[in-house]
Amino acid sequence: MKKYDFPAIEEKWTKRWRDEKVYEPDFSSPRGKGKFYNLMMFPYPSAEGLHVGNMYAFTGSDIYGRFMRMRGYDVFEPIGLDGFGIHSENYALKIGTHPAAQAEVSEKRFYKQLEIVGNGFAWEERLETYKPEYYKWTQWIFTEMWRQGLAYRKKQAVNWCPSCKTVLSDEQAERGACERCGSGVEKKDLEQWFFRITKYADKLLKNIETIDWSEKVKIAQRNWIGRSEGAKIKFKIQNSNLKDESQNPKYELEVFTTRPDTLFGATYLVISPEHDAISNFQFPISNREEVEEYVANAKKKSDEERIENKEKTGIELKGIKAINPANKEEIPVFVADYVLSGYGTGAIMAVPAHDKRDLEFAEKFGLGVVSVILGGEENALYEGSGPLMNSGAFDGMDSEEAKKKITEFVGGETHTQFRLRDWLISRQRYWGPPIPMVYCDACAKEGRGEQKEMPGWYAVPESQLPVVLPQVEDFRPKGTGESPLASDESFYKTTCPACGSDARRETDVSDTFLDSAWYYIGYLMRFENWKLEIGNSSFAERMKLWLPVDMYIGGAEHSVLHLLYVRFLAMALKDAGLISFEEPFPKFRAHGLLVKDGAKMSKSKGNVINPDEYVKEFGADAFRMYLMFLAPFEQGGDFRDQGILGVSRFLDRIWKFYDRKTWGTSDDASLERALHKTIKKVTEDIENLQYNTAISACMIFLNECEAKGTMSESQARAFLKLIAPFAPFLAEEIWSRFFDNEKSRILDSRDESGQKGFHSIHREAWPTYDASKLIEETLVIVVQTNGKVRDQFEISLTATQKEIEEKALASERVRAFLGGNAPKKIIYVPGRLVNIVF
RNA sequence: GCCCGGGUGUCGGAACUGGUAGACGAUCACGACUCAAAAUCGUGUGGCCGUAAGGCCGUGUGGGUUCAAGUCCCACCCCGGGCACCA
């Protein structure tokens with residue numbers, strides 16, 4: 001017997017699959033049942049090599065793709081590298097190379113690793129986000145967003161990472177820490193580029209109900225978008241020193257609240273330190289210096305400090321009072337940093353009796369507390385609903401109804417507020433696509449420009465794209481609020497596309513997440529002929545035929561990053577008439593997290609798994625099968641070195657079993673039943689991504705075959721196909737040795753000409769089960785007394801309930817427990833058990 | 001604090017709409033093969049009592065519903081993840 005020589009066999013098939021384009025779909029005319037776009041989140045090649053977490057995700061996705069192909073779909077499973085951006089740049093900084101040079105090294109390394117693990121990738125369509133032919137279109141999308149009025153520049157307090165020396169989006173400032181490096185994020189007032197994602201807040205939220213995604217990701221997006229219904233209410237502000245109202249200038253403060261029903265209980269107002277009223281000093285306040293000092297201190301606080309220390313601070317604006325529009329009472333106005341500037345109007349009405357935070361503040365500053373909702377315990381905080389009190393004419397009204405009525409009563413307007421903020425898209429870094437915008441001073445002075453609100457700004461015309469990222473030696477982030485490109489005069493000096501005078505290019509680059517927000521379209525593009533237009537181009541045809549993606553698999557850590565941005569961009573492109581769908585991924589599944597020996601993998605712990613070592617020792621098949629066997633794919637699990645042995649032995653046993661080639665002449669009935677049960681189980685499990693139990697079912701079947709010592713040829717073929725998605729090399733090798741004369745081709749005749757001299761098992765038809773073959777010959781009935789198992793027996797399928805109960809009562813064990821007593825009750829569960837109660 | 005997951009042998013994990021808890025692996029022990037070891041094959045492997053047959057206990061804790069609960073209900077504890085002063 002020849003030992004299974006996996007290194008040679010895996011190398012052979014890797015090459016053959018690629019050479020003979022086994023995994024390339026027919027883009028213009030999909031074969032079989034039609035197209036199936038099977039996408040996995042592409043990796044960013046920032047680390048030393050492919051991470052086992054990547055492999056885990058890819059394998060799970062690949063099994064699904066192979067399964068769908070065998071079920072007759074023309075599967076497109078592309079691969080590429082998300083190599084532009086801060087991830088890769090930080091890695092280059094760390095090891096002291098230039099990111100462009102590093103990209104070349106990583107590219108080779110990653111593709112090599114990706115190839116040896118046995119995924120059915122369509123290699124010809126691969127892409128890298130840092131190639132000019134790719135980022136030309138990333139830039140073009142930026143200009144398109146600009147033309148749609150979805151890109152704008154604005155000065156505001158933004159997240160700044162002092163270590164990465166760039167601004168970050170809200171999504172990338174996780175709990176006040178930089179998503180990339182973990183440093184504490186600071187607030188800086190800077191003028192930056194934003195994408196108007198908030199325009200789509202409502203649609204992003206509503207569409208969640210229509211897409212088939214892992215529930216936890218949907219929940220995360222709902223929370224992040226954060227819709228609240230409430231009202232905007234205006235409070236008059238008056239100078240408390242001026243008694244003559246006619247002399248009093250008309251100041252107003254508008255607040256947002258979700259509880260207008262509690263308006264009678266509002267005993268003070270609070271505005272955020274960044275509120276316009278403060279920066280412009282509209283109000284005639286008497287303690288201006290104190291207030292300025294407080295505001296300056298508050299702005300200095302990092303997000304981290306604000307999150308850690310929730311002790312309320314604030315200062316009253318002396319000399320002014322607000323008028324509660326409901327009861328006309330004068331109430332004080334404070335500035336305090338527990339009120340956020342970017343949400344609602346940046347000002348709130350405080351109702352300490354019915355809001356925990358307001359109560360904390362009121363207690364600290366000795367402010368009034370007036371209960372206006374009946375409910376909860378007396379004199380205790382109550383945040384629920386109920387009938388009103390202390391609310392004049394509204395007393396007794398239910399709070400839900402009062403929300404509307406009180407808003408009307410004071411002339412407020414109902415308002416739906418989202419937590420989602422616009423996507424800050426510019427970065428003061430080097431390794432990214434330069435933002436393709438030009439600023440012309442001359443035009444600005446005369447108020448000319450492409451957008452009224454932003455005179456002087458022009459998008460780089462398509463004919464001049466890409467704006468190539470220049471090769472600069474000192475690419476390190478400067479920390480000045482400008483990108484390294486701002487030091488390269490030859491880069492930023494240009495002429496105005498409108499008037500021809502000297503102009504300056506934008507020197508910031510765009511966020512990495514813009515690169516990955518459209519890559520699923522990029523895979524269909526073939527750079528040379530792409531026009532993002534619904535027109536006559538072959539690309540447009542491919543888009544129509546192949547999009548949206550049929551199955552998307554990736555990590556849940558992107559719930560509010562990539563997965564939100566990509567949905568937003570699709571909606572924007574749809575509205576611009578550039579694509580024909582608004583949800584790019586109707587079906588998405590998040591895979592679980594892989595840990596090692598119960599602990600998270602990290603370099604500092606030294607427990608990072610290097611896939612190469614395992615592939616070398618056990619083969620790619622064994623490694624990928626073990627990854628899928630160790631736990632449910634969507635749950636994630638614990639990688640233990642010893643576990644791989646079980647799978648490795650299983651594959652060896654398959655090899656040996658087939659190598660003996662001891663096909664029986666007839667289909668053994670019980671083995672046939674076992675096979676059909678296995679087909680059913682494996683098919684259903686793969687559909688549900690429960691690969692661990694699918695593999696287990698295969699093991700059970702092989703155990704039975706070995707016990708019998710034989711199986712028929714047709715059984716051997718069917719079983720091998722079940723193994724194929726999990727162990728593609730082994731299955732292919734056995735197939736080519738024994739069965740490559742199959743006539744069950746599922747795709748079509750194009751395969752015959754496309755492949756020279758072999759028929760891949762990966763294009764064979766997936767076996768189907770015959771329900772009539774699943775039926776057992778006899779029933780096994782369990783016998784219980786008082787719910788405890790005492791006995792069991794076999795009986796024919798045709799036995800009546802009476803016969804079964806009699807047989808159960810006749811059981812010696814049962815009789816021993818009954819001890820001559822008559823049973824009180826007999827419960828019969830058809831085909832399963834008899835429970836005798838006494 | 002809020003929202004999701006999840007707590008099952010020595011370990012990873014199975015268990016349909018409530019119906020034989022521990023599938024499949026790993027580990028360990030013993031046996032076969034071998035001069036020997038590895039590999040491979042076979043048997044056993046939740047705890048307690050018992051020579052055995054068998055019995056009792058057992059799915060985080062405490063209660064409940066039911067002929068029957070890992071599964072349903074109530075209260076609580078622990079672990080992992082997400083959000084967090086969003087008015």
Side-chain angles (χ1 to χ4, degrees), chain A residues 174-176 214-220 222-224 226-228 230 255-259 262 266 270 272 306-307 309-312 336-351 354-358 360-361 383 417-421 556-557 559-560 592-593 595 597-598 600 626 629-632 634-647 649-650 652-653 656 690 692-700 702-703 706 780-792 813 816-817 823-838:
Chain A
E174 299 171 337
R175 272 201 70 134
S214 296
E215 200 52 40
K216 60 177 174 180
V217 175
K218 296 213 282 189
I219 290 165
R222 276 191 210 107
N223 291 342
W224 188 260
R227 184 177 198 269
S228 296
V255 305
F256 171 70
T257 178
T258 54
R259 294 297 302 270
T262 64
V270 190
S272 69
R306 265 175 110 148
I307 286 162
N309 182 10
K310 288 190 182 167
E311 176 77 30
K312 300 279 181 295
D337 67 2
Y338 84 93
V339 172
L340 306 175
S341 63
Y343 186 76
T345 61
I348 61 153
M349 63 179 215
V351 185
H354 305 292
D355 185 285
K356 195 175 164 224
R357 299 150 301 182
D358 296 344
E360 281 168 15
F361 191 83
E383 295 186 311
Q417 177 67 43
F418 293 92
R419 288 182 41 181
L420 185 69
R421 317 280 157 94
E557 69 274 15
S559 298
V560 294
L593 192 73
V595 299
D597 298 320
K600 224 174 175 173
Y626 175 59
F629 180 63
L630 60 82
E634 289 181 81
Q635 183 191 299
D638 196 354
F639 188 100
R640 292 186 190 241
D641 285 349
Q642 270 167 337
I644 197 169
L645 290 171
V647 182
R649 285 172 193 153
F650 173 58
D652 270 345
R653 281 163 52 208
K656 279 183 197 140
Q690 281 153 0
N692 57 333
T693 47
I695 294 167
S696 151
C698 291
M699 288 171 167
I700 293 170
L702 183 69
N703 289 348
E706 286 184 335
V780 175
I781 302 292
V782 168
V783 187
Q784 299 182 330
T785 64
N786 291 339
K788 294 195 176 180
V789 179
R790 301 299 176 190
D791 204 354
Q792 66 173 56
R813 299 238 188 102
F817 274 91
K824 262 192 224 158
K825 201 172 169 186
I826 296 174
I827 287 140
Y828 172 62
V829 182
R832 284 184 175 272
L833 63 72
V834 178
N835 187 11
I836 296 158
V837 184
F838 63 91

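Proteins get letters first, then strands, A, B, ... in listed order; numbering begins at 1 in each.
- Dashed line: the shortest gap from a side-chain N or O of A/Arg222 to OP1 or OP2 of B/C4 is not under 4.0 Å.
- Taking only side-chain atoms of A/Ser696, from C-beta outward, the nucleotide of B/A23, B/C16, B/G13 with the closest atom is B/A23.
- Against the 90° criterion about 0, the sugar-base torsion of B/G81 places it in the anti range.
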Check residues 830-838 of chain A and write down every donor-acceptor pair under 3.5 Å in which the side-chain atom is one partner and the other belongs to a residue at least two apart or another chain.
{"unit_1": "A/Asn835", "atom_1": "OD1", "unit_2": "A/Asn786", "atom_2": "N", "d": "3.3"}
{"unit_1": "A/Asn835", "atom_1": "OD1", "unit_2": "A/Gly787", "atom_2": "N", "d": "2.9"}

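- Straight-line distance between the P atoms of B/G64 and B/G55: roughly 27 Å, to the nearest whole Å.
- In this structure, A/Lys788 reaches the B/C57 phosphate: one of its side-chain N or O atoms is under 4.0 Å from OP1 or OP2.
- Protein atom CG of A/Asn786 is 15 Å distant from nucleotide atom P of B/U66, rounded to whole Å.
- We find that CD of A/Gln784 is positioned 11 Å from P of B/G19, with the value rounded to whole Å.
- Each of A/Ala347 and A/Asn835 has a nearest nucleotide on RNA chain B; the 5'-most of these lies closest to A/Asn835.
- For A/Lys312 against B/C85, a side-chain-to-base donor-acceptor contact under 3.5 Å is present.
- Checking B/C67, B/G12, B/A14 against every side-chain atom of A/Val837, the shortest atom distance belongs to B/C67.
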Exercise. Using Watson-Crick and G-U wobble pairs with both distances under 3.5 Å, what is the 5'-to-3' dot-bracket string of RNA chain B, with [ ] for crossing pairs and | for pairs outside the strand?
Worked result: (((((((..(((......[....))).(((((.......))))).((((....))))..(((((..]....))))))))))))....
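- Rounded to an integer number of Å, the gap from A/Leu833 CG to B/C67 P is 15 Å.
- Within the 4.0 Å cut-off from OP1 or OP2 of B/A14, at least one side-chain nitrogen or oxygen of A/Asn692 is found.
- Using modelled atom types, one side-chain atom of A/Glu383 and one backbone atom of A/Lys356 make a donor-acceptor pair closer than 3.5 Å.
- Within 4.0 Å of A/Phe629, counting heavy atoms only, lies at least one base atom of the nucleic acid.
- Between the CD1 atom of A/Ile644 and the C1' atom of B/C24 there is a distance of 17 Å, given to the nearest Å.
- Going from the C1' atom of B/C76 to that of B/A53 covers 43 Å, rounded to whole Å.
- Taking the P atom of each, B/G9 and B/C4 are spaced 26 Å apart, rounded to whole Å.
- To the nearest whole angstrom, the two C1' atoms, one in B/A38 and one in B/A32, are 15 Å apart.
- For A/Arg227 and B/C3, the CZ to P distance is 20 Å, given to the nearest whole Å.
- Atom CD of A/Gln635 and atom C1' of B/C79 are 13 Å apart (whole Å).
- Looking at A/Arg813, its side chain does come within 3.5 Å of a backbone N or O of A/Arg790 through a donor-acceptor pair.
- At the heavy-atom level, A/Gln642 lies under 4.0 Å from the strands shown only through sugar-phosphate atoms.
- Among the atoms of the strands shown, only primed sugar atoms or phosphate atoms (P, OP1, OP2) are found under 4.0 Å from some heavy atom of A/Leu645.
- Comparing B/U20, B/G19, B/A87 by their closest approach to the side chain of A/Val789 singles out B/U20.
- Of the candidates B/U20, B/G13, B/A87, B/G13 carries the atom nearest the A/Ala631 side chain, counting heavy atoms from C-beta on.
- Under 4.0 angstrom from either OP1 or OP2 of B/G5 there lies no side-chain N or O belonging to A/Lys216.
- The side chain of A/Arg649 places no N or O atom within less than 4.0 Å of a non-bridging phosphate oxygen (OP1 or OP2) of B/G25.
- Residue-level contact check: A/Ser559 touches neither bases nor backbone, having no heavy atom under 4.0 Å from any strand.
- Within the 4.0 angstrom heavy-atom criterion, only backbone atoms of the sugar-phosphate kind lie near A/Phe817; the bases stay farther away.
- Residues A/Tyr626 and A/Asp641 bring no donor and acceptor atom of their side chains to less than 3.5 Å of each other.
- Using a 4.0 Å heavy-atom criterion, one finds that A/Arg653 contacts the sugar-phosphate atoms exclusively.
- Atom name P, nucleotides B/A15 and B/C72: the rounded distance is 14 Å, in whole Å.
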For this session: Take A/Asn223 and A/Arg419 through the test side-chain hydrogen bond (donor to acceptor under 3.5 Å, both in side chains) and record every step on the way to the result.
Result: CA-CA 9 Å; A/Asn223 291 342; A/Arg419 288 182 41 181; over 6 Å; no
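- Residue-level contact check: A/Asn703 touches the backbone only, with heavy atoms under 4.0 Å from sugar-phosphate atoms and none from bases.
- One N or O on the side chain of A/Thr345 and one on the backbone of A/Ala347 form a donor-acceptor pair closer than 3.5 Å.
- Straight-line distance from the CD1 atom of A/Ile827 to the P atom of B/U66: 12 Å, rounded to whole Å.
- Heavy-atom nearest nucleotides on RNA chain B were determined for A/Phe418 and for A/Ile700, and the one closer to the 5' end corresponds to A/Ile700.
- Closest to the side chain of A/Trp224, out of B/U20, B/A14, B/A84, is B/A84.
- Contact annotation: A/Tyr338 side-chain N/O to B/A87 OP1/OP2 distance is not under 4.0 Å.
- Phosphate contact (OP1/OP2 of B/G55, side-chain N/O of A/Arg790, threshold under 4.0 Å): present.
- We find that CZ of A/Phe639 is positioned 13 Å from C1' of B/A26, with the value rounded to whole Å.
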